[in-house]
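Here is the structure we will look at, set down as structure tokens.
Note that ligands are numbered from 1 as they come in the structure, with each ligand's atoms numbered from 1 the same way.
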Amino acid sequence: MFEQLGLSVPLLKGVEAMGYERPTPIQAQAIPALLEGRDVVGCAQTGTGKTAAFILPTLQSLGSERGIKALVVTPTRELAIQVEAVARDCAKHTHHRTAAVYGGAGYGQQKARLSKRVDLLVATPGRLLDMQGRGDLDLSGVKVLVLDEADRMLDMGFWPDVKRIIDLLPKKRQSLLFSATMSREVLRVIESTLSDPVHVEVGPKAVPVDAVDQVIYPVNSMQKNQLLVEMLRQQRDLDRVLIFARTKHRADRICKVLRRGNIPGAAIHSNRSQPQRQEALAGFKNGRYRVLVATDIVARGIDVDNISHVINYDVPNAPEDYVHRIGRTARAGAGGTAITFFAPEDVLGLREIEQHVGTALRCEDLEGFEYNDRIVPDPERAARRASRSPFAAHARRRASRGRMRRR
Ligand code: AMP
């Protein structure tokens, strides 16, 4: 129960208005530690309720003096907009005000917003430094810093900017870092930025394996477009579909194929302008677009409820990306389906994914579809692979390294 976490009455009212009944595991773990004033490292991906986990206690710790007192730094504009929306909802019954600044949108408007009361600011690194450099922003009163999706910020090369931002902040502050993965680089950032942090974690594999129905469709690469269009035509229950493509170019191409097939869809990736991205996302949310085609980087922060299906048009490069992708469906406990197109060249990629999620994925065919040459994975692999949890695989790797060293 949220009441047991130590949150104030105005924040509990906000939580109630948002329709949250019970804290998610990351909220139950992080909120009490943050309310104690501890630095916190949260290992959690989008879809776990991580945003409210850091926003609620942050709002509670803010006093009523003027100026920006909490700063949330995010890698993408979409995530900045989303986090600010959650913050605004959470703060509805408090006197705190929130704002977001990010690139690709009008500078003047954002500057004007900052001239009014802002207690919590959400920002992407570039625009934040730009505004600070021009003297349009004062960070000297920041008491709480949140680095959201730290791994993604590092992947996108934002660390030098983030470091400059940190150097502008008062030394005495509470720092929070959230990341879906804990790479060596992320650990290094934690060491240099946080002080004696409490680690909270929700199992990254819990969401997909338990709640998402995972299926593979073996298909020759040349027939992927045809299969996709045919599948969307035949199966009307694919009503809100997020498709992942390996590159921006492929995302655009898939979108064209869909349009040619009279299937309303839009693409979202980093080459599209901010208004185009917002239009695509809004259209997908309100149902105008049945399909959204995305690349991994941009899709990471997308928070759209009720995504019925995730389709991996291309097998992702890393098994971790597979988990992130399929985590977009089955949000907050609802069911969902992840479909992966499996072409002959994806044999190794599929093996890695199955080892990572600890199970063999079910194979299906689209009824009535005329398949050309393709490889259908050996059904026997199910029995072999099911016993291999990611932890078992890790242990085997360690054991074999040990053996090699001994030789
Ligand atoms: P996040 O991981 O912060 O992106 O949140 C994922 C989704 O879960 C969002 O749509 C939230 O509105 C929703 N959510 C967050 N916390 C809760 C909760 N305690 N109960 C129900 N839904 C929640």
H269 versus D252, side-chain donor and acceptor atoms under 3.5 Å: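 Checked: D252/H269 side chains pair up, N/O donor to acceptor below 3.5 Å.
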By ring pair (Phe, Tyr, Trp, His ring centres under 6.0 Å) - contacts of Y371 (at least two apart):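 Scan of Y371 (ring pair (Phe, Tyr, Trp, His ring centres under 6.0 Å), adjacent residues dropped) gives F369.
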Among K116, Q110, Q109, which one satisfies side-chain contact (heavy atoms from CB on, under 4.5 Å) with R113?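 With R113 as partner, K116, Q110, Q109 yield a single side-chain contact (heavy atoms from CB on, under 4.5 Å), made by K116.
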Above 12 or not: heavy atoms from other molecules or residues under 6.0 Å from CD of Q234?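 Above 12, so yes.
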Hey, does Q27 come in under 3.5 Å of ligand 1, counting only N/O atoms on both sides?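 Yes: some nitrogen or oxygen of Q27 is under 3.5 Å from one in ligand 1.
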Below the 3.5 angstrom mark, is there an N/O of A52, backbone or side chain, next to an N/O of ligand 1?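 No; every N/O pair is 3.5 Å or more apart.
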Sub-4.0 Å atoms of ligand 1 with respect to non-hydrogen atoms of [X]:
| X | value |
| --- | --- |
| T48 | 2 (O) |
| R22 | 18 (C), 19 (N), 20 (N) |
| T51 | 1 (P), 3 (O), 4 (O) |
| T24 | 16 (N), 17 (C), 18 (C), 19 (N) |
| F2 | 19 (N) |

Pairing of R246 and D296 as salt bridge, 4.0 angstrom limit: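 Looking at R246 and D296, the cut-off is not met.
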Inspect the contact between D314 and K224 and indicate whether a charged nitrogen and a carboxylate oxygen are less than 4.0 angstrom apart.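 So K224 pairs with D314 through a salt bridge.
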Evaluating non-hydrogen atoms only, which member of F54, Y20, F178 is closest to atom 12 (O) of ligand 1?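 Ranked by closest heavy atom to atom 12 (O) of ligand 1, first place is Y20.
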